[in-house]
Amino acid sequence: MYKIPLFDLNFGIEEELAVLDTLRSKWISTGPKTTAFETDFAEILDVRHALALANCTVSLHLAMKILGIGPGDEVICPSLTFVATVNAIRYVDAVPVFADICGDDDLTVDPQDIERKITLRTKAIVVMHYAGFPCAMDEIMRIARIHDLKVIEDACHGPLSEYGGRKLGTIGDVGCFSFFSNKNISTGEGGMLVTNDEGLYEHAKLLRSHGMTTLSYERSKGHSTGYDVVESGYNYRMDDIRASIGVVQLRKLEDDLKKRAEVRQWYEDAFSEVEGAGVPFSGRRGFVSNYIFVVLAGGQSTVLRDTIRDRLHEAGIQTSMHYPPVHRFSIFRQFFCELPVTERVASRLITLPMHSGLTRESVLFIADIMGKAVFC
Ligand SMILES: *Cc1c(COP(=O)(O)O)cnc(C)c1O
């Protein structure tokens, strides 16, 4: 195994006890723990409604549904994101229109390119806050208002990240979060949909559980005895076992993020000495989740970057690549368009280890190996 893995779970006895408590309560599906997780999440984000879900992919799907995105509608989205962001657009037979990113120093979607790609069929914009660094939300919300577009925030990378004093995920119409194992909050699988709009929340809640008007927990408590089905919904629920882990993880989040910020600073300092390796978002101020840490190294082809990754691998350092551009995948061939900045960045991207338990020694070791590899 790797000497320095990409990620490490921030789990302790608290998570174990929380799960045990849920198991012993004998209510393990959606119930009081899920409600507690939603309440805590909404409070920490300062948003009116939070709906816990099975994962973020279904959160993105529900976002499309409740915002009325349908067949033939165009949705502008980045290509430098996880494929789920774009798959969700296809679930409702809408058309993904890829927009480029800002540049080497800012890997979030470019508002100017968003504006260029608006047509009469455009219905929504999906943004993704890369590594937890906020997209240019003032500009994007201004464009959305002018053209009457909905805004969905894929905030998987950014729980508690801030933009102008507001938490990411709470600025657009709907925000989507993931609690997959390697995210800032880990529950194994899990997701959350947040919104300040009561109507959108109620609709998402209905669709989460088959379009049924009551939950089995309510029925078990005698609060209701029957139900109606008013729409073709899904089973997109979170269960109380995972939710109870989420409640504990949420309590640890702020401290975890403070440590990640420190790790990022070590990286930035160390890499200022490494010629030929650029650190996107360098010197940015503001509270950021630092879900991942990426550097740019290599050239136009991916050969040099891949050699650098091999060197790191040989030294016991795990790396990854966030992300292979989505517009290049075979399944999205018909939606292909030229994205020069995304391509230029993607051929040089390397994701390095990032988690709150990473030591300064490890960071210096990684920077040292990188420094030697860049000139190989
Ligand atoms: C992890 C992730 C997703 C998918 O989340 P799941 O909970 O695994 O469905 C979507 N978008 C981004 C940007 C992600 O990082």
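Note that ligands are numbered from 1 as they come in the structure, with each ligand's atoms numbered from 1 the same way. We number each residue from 1, following the sequence as shown. Computed over heavy atoms, backbone and side chain alike; hydrogens, waters and symmetry mates excluded.
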query = Under 3.5 Å, side chain of E268 to main-chain N/O of G283, donor-acceptor pair present?
reply = yes
request  = Output yes when the distance from some N or O of ligand 1 to some N or O of C56 is under 3.5 Å, and no in every other case.
outcome  = yes
Under 3.5 Å: N/O of T81 near N/O of ligand 1 = no
request  = Record the part of N55 in heavy-atom contact with ligand 1 below 4.0 Å; permitted values are side chain, backbone, both and neither.
outcome  = both
key: Residue H157 vicinity, atoms of ligand 1 by number, heavy atom under 4.0 Å   = 13 (C), 15 (O)
request  = Name all residues meeting the salt bridge (Lys or Arg N to Asp or Glu O under 4.0 Å) criterion together with E115; count only those two or more places apart in sequence or in a different chain, and write none if there are none.
outcome  = none
message = Out of all atoms in ligand 1, which are within 4.0 Å of some heavy atom of Y323? Include the element for each.
response = 15 (O)
key: Atom indices of ligand 1 within 4.0 angstrom of T85 heavy atoms, with elements   = 11 (N)
contact_flag G190 ligand 1 heavy-atom lt 4.0 Å = yes
ask   = Are any of the N/O atoms in E189 less than 3.5 Å from those in ligand 1?
value = no
ask   = Do the rings of Y291 and H157 sit parallel, tilted or perpendicular, given the 30° and 60° boundaries?
value = tilted
query = Considering only heavy atoms of M128, which atoms of ligand 1 have at least one such atom less than 4.0 Å away?
reply = 13 (C)
task = Check if K183 has a non-hydrogen atom at a distance under 4.0 Å from any atom of ligand 1.
result = yes
task = Consider every N or O of Y291 and every N or O of ligand 1, then say whether any pair is closer than 3.5 Å.
result = no
